[in-house]
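In what follows, a structure is listed as structure tokens, so that the remarks can point back to it.
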Amino acid sequence: QVQFVESGGGLVQPGGSLRLSCKASGSIFSTNTMGWYRQAPGKERELVAAITNMHTENYADFAKGRFTVSRDNAERTVYLQMNNLKPEDTAVYYCNLAKFLREAGPWWGKGILVTVSS
């Protein structure tokens, strides 16, 4: 069993910032890699950023320079700091647990809606 507590989504104006948080819990899971994926209406789900338990990071091109992924000291919570948000960032953001840095795993959060609009 894997449980996720996701928070930090909402409505922001273009150019604004938002910080997402995802805490994973349960007795049968590995947090080797934690990350964020997003899916906009009519689009396929795509990587935003991911980070290993050794703090190696992987970012989508659109996220580089604007978004920062990090983990807490317990290495069970992943954060995504999003700056200079754009309308095209509007999507449902999903927390993900995986074995490998560059491949999504089978454990997904329910998703957080992020809306960037004036």
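Hydrogens, waters and symmetry mates play no part in the numbers below; they use all other heavy atoms, side chains included. Each residue takes its place number in the sequence, starting with 1.
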Tyr37 side chain vs Trp108 backbone, donor-acceptor pair below 3.5 Å | no
What are the two closest heavy atoms between Thr31 and Asn53, and how far apart are they?
-> O-CB, 4.1 Å
Look at the side chain of Thr115 and the backbone N and O of Thr90, then say whether any donor-acceptor pair between them is shorter than 3.5 Å.
-> no
Between CG on residue Leu47 and CZ on residue Arg102, distance to nearest 0.5 Å = 9.0 Å
Without swapping roles, check the side chain of Asn96 against the backbone of Gly35 for a donor-acceptor pair under 3.5 Å.
-> no
Going by an N to O cut-off under 4.0 Å, is there a salt bridge joining Arg38 and Asp89?
-> yes
Taking atom CE of Met34 and atom CG of Leu80, what is their separation to the nearest 0.5 Å?
-> 12.0 Å
Donor on one side chain, acceptor on other, Arg66 and Asn84, under 3.5 Å = no
Are Val78 and Val69 close enough, and set up right, to give a side chain to side chain contact (heavy atoms under 4.5 Å, CB included), and what steps lead you there?
-> CA-CA 7 Å; Val78 62; Val69 66; 3.6 Å; yes
Tell me, do Phe62 and Lys86 make a side-chain contact under 4.5 Å, heavy atoms counted?
-> no
Find out if a path of hydrophobic residues (ILVMFWY) with successive side-chain heavy-atom gaps under 4.5 Å connects Phe67 to Ile51.
-> yes
Where the side chain of Glu6 meets the backbone of Gly111, is there a donor-acceptor pair that is under 3.5 Å apart?
-> yes
Is Asn32 reaching over with its side chain to a backbone N or O of Lys99, donor-acceptor style, under 3.5 angstrom?
-> yes
Could you give the distance from CZ (Arg19) to CE (Met82), rounded to the nearest 0.5 Å?
-> 11.0 Å
Separation between CH2 of Trp36 and CD1 of Ile112, rounded to the nearest 0.5 Å = 4.0 Å
Same hydrophobic cluster for Tyr93 and Tyr59, using side-chain heavy-atom links shorter than 4.5 Å among ILVMFWY?
-> yes
Can you measure from OH (Tyr79) to CG (Leu20) and round to the nearest 0.5 angstrom?
-> 12.0 Å
